[in-house]
Amino acid sequence: MCGIIGYIGSQKALPLLLEALKRLEYRGYDSAGVALLEDGQIMRFRRAGKVRELEEDVRTAATTATTGIGHTRWATHGKPTEDNAHPHVDCSGRIAVVHNGIIENYAALRDRLAAEGHTIRSETDTEVLAHLIEAHLDGDLLAAVRAAVAQAQGAFALAVLSADAPDRLIVARRGSPLVLANDGTGSLVSSDVPALLGRATDVQYLSDNEIAELTRDGFRIFDTSGRRIQRPTHQVTTDPVAIQKAGYKHYMLKEIHEQARAIGETIREKLLPSAASVSLPLVQSRIRRFDHVYLVSCGTAFHASMAAEYLWEGLLPVPIQAMIASEFRVRSPHLSSRTLVVAVSQSGETIDTLMALRHARERGAQVIALVNNEQSAIDREADASVYTRAGIEIGVAATKTFTAQIAALGLLGIHLGQAHFSLPAARAQEELERLARLPGRVIEALRASDQICEVSERIHRARDVLYLARGSLYPVALEGALKLKEISYIHAEGYPAGEMKHGPIALIDEGTPVVTLLSRGTAYDKVLANIEEVKARNGFTLVVTDAPEEPSLAHLADVVLAVPAAEGISRPILFAIPLQLLAYYIAVQRGTDVDQPRNLAKTVTVE
Ligand code: AGP
């Protein structure tokens, strides 16, 4: 899950490539590089570290090049060093390649190429592509790239620059995203739209097994047999301002504070004017009755799917199961034309979820995509799609997309209940009214930000943190723990509160922070008893609750964080917000890179 950019046009390529790479950096940020076509030669700059460090290196570079490719990396094969940074070149140094994905048979290809006399210089899988193209090059770069990728197994998006074909760039896709545009000064290829914002509004998305040739005037797309194909043009409506920090210290904090709007817009477009029922025309027209549901996803999206599993049990009279996408394919879930699979993903490009979707489709299941990214692969390959309207999320740790996903899943559950299982109108109305009040409640919950910042000072040195909850709040406990792990690097675990005494309680020592979610609506007395058990072992009890007035909290809780009371779909959303803020402020205290935590990337396009 790297970021790729390419440009061929009339403008200076270097500043354009660097600016675009900075906008793609959430996709991977352990090393970066560019290759420019300068006076018939390939000029390459690479380094380990962030794009801004590469920018420092090339600040004085004398280049007038108007063609180039660039890359920001999330290492899969070979450490994040300068030698393993992209672009990689062939033996002659006249072909340069940037790549996102994994070439699964690279070792066999590498050994064969080395036996044929090629000099392999890096530990990466990518470099074999440069040598494969070199091996097939006979004056036609497009044909050479086509022959090379035909031998590559696995997922890839790549861009190729050749000093012997100065008037074009060649790009190819299988599994990893690529978007094309022409901004009037030249043609561009990118892993994602943010790099093109402010430059182009008309874009085309490459599909799997397609190759494109970019020239200054435009681009042509071909399938693997070389047949020319047309792709629909899509309007990019995102305002470039959306990818700025708007005065916040971090994108994550900005995105946490955007949740009222994100949830409001996600709800609004799906509610009929009377707000009495949900309007999902695509789902309505394309999804037939089903008798069991799987929600497949990864990471934070999986926690949103788990919350939906709890919520949908009150809306649909069929078995519902949230499954981790990478496990879905190794298990043997019962799949047939009576199966509904909902693939949940903010990026819509997570390959584990995409492959789970394909696995389900191949076995006859109906598939709904729930994504934040229209025109993503998961969106395009599903039978019907439901969109969260959270806007672009730059912070690697998902926040606004999590709460928007739960809201959208709630609405989808109501819709499916009404459309296929005669969910009583009153029941639907009840949930819809709660959702309509939700954005205001979110703003209320965000008001605890300063208090949470203070609390974080008391626990940011912790070695372990436990999160406990019951019912539909259990997935929120898991999410709170994930957020803390991701950005503060503290070991954190979420558990069903009732499970504590079956083992995890052994982790509690003097002062171990235990975050418990206590709601009047979910096994209240039992959770209070769990807090007692923690207190009895001198744990530090931080209680997030919609019942702050509870008298026993005075002696049980070291800290009480109040959230607005809410029922149904709104409850897990409101309880998530203080946990997001807690993780954020703890990470800030620890001085970690909040927006680009170590070892992570925003979109996971490798299996
Ligand atoms: C969450 O903060 C992480 N970025 C990660 O777990 C993420 O949720 C997961 O990779 C799934 O991504 P998706 O929603 O884009 O499919």
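This is a predicted model, so every value here is computed, not measured. By convention here, the first residue in the shown sequence is residue 1.
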task = Could you name each residue pair satisfying ring pair (Phe, Tyr, Trp, His ring centres under 6.0 Å) that touches residues 448-483, not counting sequence neighbours?
result =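 The answer is none; no pair qualifies.
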query = Going through the checks in order, is the side-chain hydrogen bond (donor to acceptor under 3.5 Å, both in side chains) test met by Q259 and Q580?
reply = CA-CA 11 Å; Q259 293 186 92; Q580 296 165 344; 2.6 Å; yes
If the threshold is 4.0 Å, N to carboxylate O, is there a salt bridge linking [X] and [Y]?
X	Y	value
E55	K50	no
D208	R173	yes
R52	E56	no
E486	K483	yes
K485	E493	yes
E269	R389	yes

Please report the closest heavy-atom contact between [X] and [Y], naming both atoms and the distance.
X	Y	answer
A408	V386	CB-CG1, 4.4 Å
K254	K245	CD-O, 3.7 Å
V563	L574	CG1-O, 3.8 Å
N100	P177	ND2-CD, 4.4 Å

Who pairs with [X] by side-chain contact (heavy atoms from CB on, under 4.5 Å), at least two apart in sequence or on another chain?
X	value
P87	A35, R44, R46, I69, A96, V98
E567	R434, R571
T512	I508, D509
A304	F402, Q405, I406, L409

Identify, with sequence neighbours excluded, every residue that meets ring pair (Phe, Tyr, Trp, His ring centres under 6.0 Å) alongside [X].
X	value
H250	Y584
H71	H86
Y489	none
Y205	H234

Give every donor-acceptor pair under 3.5 Å between a side-chain atom in residues 191-203 and any protein atom, sequence neighbours left out.
unit_1: S191; atom_1: OG; unit_2: I4; atom_2: N; d: 2.8
unit_1: D192; atom_1: OD2; unit_2: Y26; atom_2: OH; d: 2.8
unit_1: R199; atom_1: NE; unit_2: D183; atom_2: OD2; d: 2.9
unit_1: R199; atom_1: NH2; unit_2: Q11; atom_2: OE1; d: 2.7
unit_1: R199; atom_1: NH2; unit_2: D183; atom_2: OD2; d: 2.8
unit_1: D202; atom_1: OD1; unit_2: Q235; atom_2: NE2; d: 2.4

Sub-4.5 Å side-chain heavy-atom contact between [X] and [Y]:
X	Y	value
V544	L579	yes
V283	K270	no
V371	R380	no

query = Who are the side chain to side chain donor-acceptor pair (under 3.5 Å) partners of T401, not counting sequence neighbours?
reply =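 Listed in chain order: E393.
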For residues 435-454, run the donor-acceptor check on the side chains, cut-off 3.5 Å, and write out each pair with its distance to 0.1 Å, sequence neighbours left out.
unit_1: R441; atom_1: NH1; unit_2: A565; atom_2: O; d: 3.1
unit_1: S449; atom_1: OG; unit_2: Y585; atom_2: OH; d: 2.9
unit_1: Q451; atom_1: NE2; unit_2: V560; atom_2: O; d: 3.0

message = Just verifying a value: how many Å separate F575 CZ and S472 OG, rounded to the nearest 0.5 Å?
response = 9.0 Å
request  = Would you check if the side chain of N372 reaches a backbone N or O of G391 as a donor-acceptor pair within less than 3.5 Å?
outcome  = yes
Heavy-atom donor-acceptor pair, K602 side chain to L24 backbone, under 3.5 Å = no
